[in-house]
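Working notes, structure below.
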There are 2 protein chains.
Amino acid sequence: MAVTIKDVAKLANVAPSTVSRVIANNPRISERTKRRVREAMEDLGYHPNYNARSLANRSTQTLGLVMPSSADKALQNPFFPEVLRGISTKAHEKEYTLYLSTGATEEEMLEGVMGMVHGRRVDGIVMLYSRIDDKIMAFLEQQNFPFTVIGKPLVNPDSITHVDNDNFRAAKDVTEHFIKKGHTHIAFVGGNLDLVVTVDRLSGYEKALHEADIPYEEDYVVHVEFLKEGGQEAVMELFSLEKPPTALVVADDLMALGIMSKLDEMGLSVPEDVSIISFNNVMLAEYSSPPLTSVDINIFQLGYQAVNCLLEKISDPDSGNKRVCVPHKVVERWTVQTLNDDLEGK
Amino acid sequence: MAVTIKDVAKLANVAPSTVSRVIANNPRISERTKRRVREAMEDLGYHPNYNARSLANRSTQTLGLVMPSSADKALQNPFFPEVLRGISTKAHEKEYTLYLSTGATEEEMLEGVMGMVHGRRVDGIVMLYSRIDDKIMAFLEQQNFPFTVIGKPLVNPDSITHVDNDNFRAAKDVTEHFIKKGHTHIAFVGGNLDLVVTVDRLSGYEKALHEADIPYEEDYVVHVEFLKEGGQEAVMELFSLEKPPTALVVADDLMALGIMSKLDEMGLSVPEDVSIISFNNVMLAEYSSPPLTSVDINIFQLGYQAVNCLLEKISDPDSGNKRVCVPHKVVERWTVQTLNDDLEGK
DNA sequence: TCATTTATTGTAAACGATTTCTTCCTAAAA
DNA sequence: TTTTAGGAAGAAATCGTTTACAATAAATGA
């Protein structure tokens, strides 16, 4: 079989425990012995067995990732690769590895997570989404297992460490941007309503309208899947209204792409006929035609910070719960039309 | 601490070994005892510890995934999410979980993989790419560790289980498609030349030209990064030629998008001025404007089959090496222009 | 010189399963 | 009645580490 610590010990003429200490670079071992042991390890091509280590240690140096239960769909959105990048970068910095949960339904996902937690397969978990009334989050909380959430937990957000954008603010900014440009018929195309991000953005949108004394129109708010097909449906609904909107706040770049392609089909052009600002600013936004004005929510940082918090939480489980807010920034491109002769107050 | 097999044993008044057998549903245990033990497990909320199990078993029920060393860049391409979906689906079917390697350079990646293998962290590995002269693949081969490759290994492909498209054929098809439409100035925009997929496609392209007696023009072949920026560079090079091409075989949808956006800037339109066929047929292809004619290489299947083969290999290490070929299909959209009055021979 | 540190290494018990032997019954065969 | 076979469960070794607790020898101090 593989070479073990005992083999090394034998060759170096020391006890196994000594070898273990050499690996940990324990200062209580003399330099001379260390050298001898290291040589033996080299000679035999020794590599520690992680399972044995984890077992003895009760720590795995791996982090679990929980995707939305419909990982298949989620993965089609460039958000996830990017957040994965952030996660992976930080994890690698600290020599943690990643463990991907799989499962098609929420039920299966939960089972998987219970496996991770009870089976001590991971030291902590990053939830890549925040959904209202989520069983997995409830489970983790109840188990008091270290975890962080990307997005804002709806219930008691103060008692759960999470990293998020100020989505309320962001949506408000965007809506105000439109208003400043003279738009008054502004629609909101949001994702699934049980994602917290959606409700946050919706409130921001409402607030901006309210402050500008623009009446809130039920018909101008539509919720669809976080995918491109969704965008298409949305367009159908909105542009069959008596008074279709001139501006769209869209929850996701991909959805915006879908919308634009549908708009194109209908003979409407962006931004002449309808202006669009979407969220996420994934690479596509830059290369669509016309390039999308989009809110950069710094997806990479979301992932990076989430791991950062999680590791803190793992090393000190009693540390308080944090809330990290990653700044956003709307990057202007070519999908917004000015309707008034806006003098740019500022 | 957590509840262990011993706790269960005590409560059920049996030996630990009996509990273990109940978990494995060993027929040598009577139904009555089984029931009793199961009840005890239920009562205590017992869950087996994976590390302990792995240690005793020498099997982990997890698969390692190796991304291209520049995972950050790779992840920006929709190819990976999609292949991940395929992998994740099959893995979940067979109750395997996934382990993601991290690392920025090839050196770091290799270290990570060595860790996985020597540390017995995974039962097998899926390589998500196939690069010429890849150290990681060499290592796995030399260690005789179960692994499968997505893409075709350049050296002794017969001795390495892999799943791939017939990229030669696909590129040839595409090029012939152009030729049939009357194009003779056909350029090839490929990815990094040390990816096997690139060389395969390039040969397909060459072959088609050759068979049609169209001279192969050095200047018409350009290699760039598998990303959008790459596409832009390519355009610059190609369209500053004396006789610019009228048709482009592009190795990747994302690159094609970049190319189109650049072309747009330069006042050239697709497909009127230049026709494009790209590879991968990711979702974007459908929603770009105009929608891209693209070769669907069935990315999901690539991942799914790769895991399939890997599991076979794991359960029977001496099973021969397989080559699975996933079929491709060009899906026609709106980026190809007919130049001749092609009577469509068929 | 003898007691007491101090520096270094060894012993053996965890960690939480699996698995190979045994052992103990009970019932059938002789 | 004795022997034997077989079914059911237990004992103990094992997987490869870590680590608490000695143990030893050299060094220090009085």
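Chain letters run A, B, ... following the sequence lines, proteins first and then strands; every chain starts at 1. Not measured: the values here are computed from a predicted model.
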Residue [X], side-chain heavy atoms: nucleotide from [options] that is nearest:
X     : options                : result
A/R28 : D/dC15, C/dT18, C/dT9  : C/dT9
B/T33 : D/dG10, C/dA17, D/dA9  : D/dA9
B/S20 : C/dT11, D/dG10, C/dT19 : C/dT19
A/S17 : C/dG10, C/dT19, D/dA8  : C/dG10
A/R21 : C/dG10, D/dA9, C/dT19  : C/dG10
A/T18 : D/dA8, C/dG10, D/dT18  : C/dG10

Under a 3.5 Å cutoff, is there a donor and acceptor pairing between the side chains of B/T62 and B/Y96?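 No donor-acceptor contact under 3.5 Å links the two side chains.
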
Could you check whether A/T33 and A/S30, counting side-chain N and O atoms only, form a donor-acceptor pair closer than 3.5 Å?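 Yes.
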
Less than 4.0 Å between a side-chain N and a carboxylate O, is that true for A/R85 and A/E82?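 Yes, A/E82 and A/R85 are salt-bridged.
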
Between D/dG16 (P) and B/H118 (NE2): distance, integer Å: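 Spelled out: NE2 on B/H118 to P on D/dG16 is 14 Å.
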
For residues 302-312 of chain B, tabulate all N or O donor-acceptor pairs below 3.5 Å that involve a side-chain atom, not counting sequence neighbours.
residue	atom	partner	partner atom	Å
B/Y304	OH	B/E93	OE1	3.0
B/Y304	OH	B/E93	OE2	2.7
B/Q305	NE2	B/Q301	OE1	2.9
B/N308	OD1	B/K90	NZ	3.4
B/E312	OE1	B/K322	NZ	3.3

Of residues 38-52 of chain B, the positions that come close to DNA chain D - non-hydrogen atoms, cut-off under 4.0 Å: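 Heavy-atom contacts with DNA chain D come from no residue of residues 38-52 of chain B; none.
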
Please state whether the phosphate of D/dT18, meaning OP1 or OP2, lies under 4.0 angstrom from any side-chain nitrogen or oxygen of A/R53.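 Checking A/R53 against D/dT18: at least one side-chain N or O falls below 4.0 Å of OP1 or OP2.
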
Classify the nucleic acid contact of A/V14 as base, sugar-phosphate or nothing, counting any heavy atom under 4.0 Å across all strands shown.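 Answer is sugar-phosphate: A/V14 comes under 4.0 Å of backbone atoms only.
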
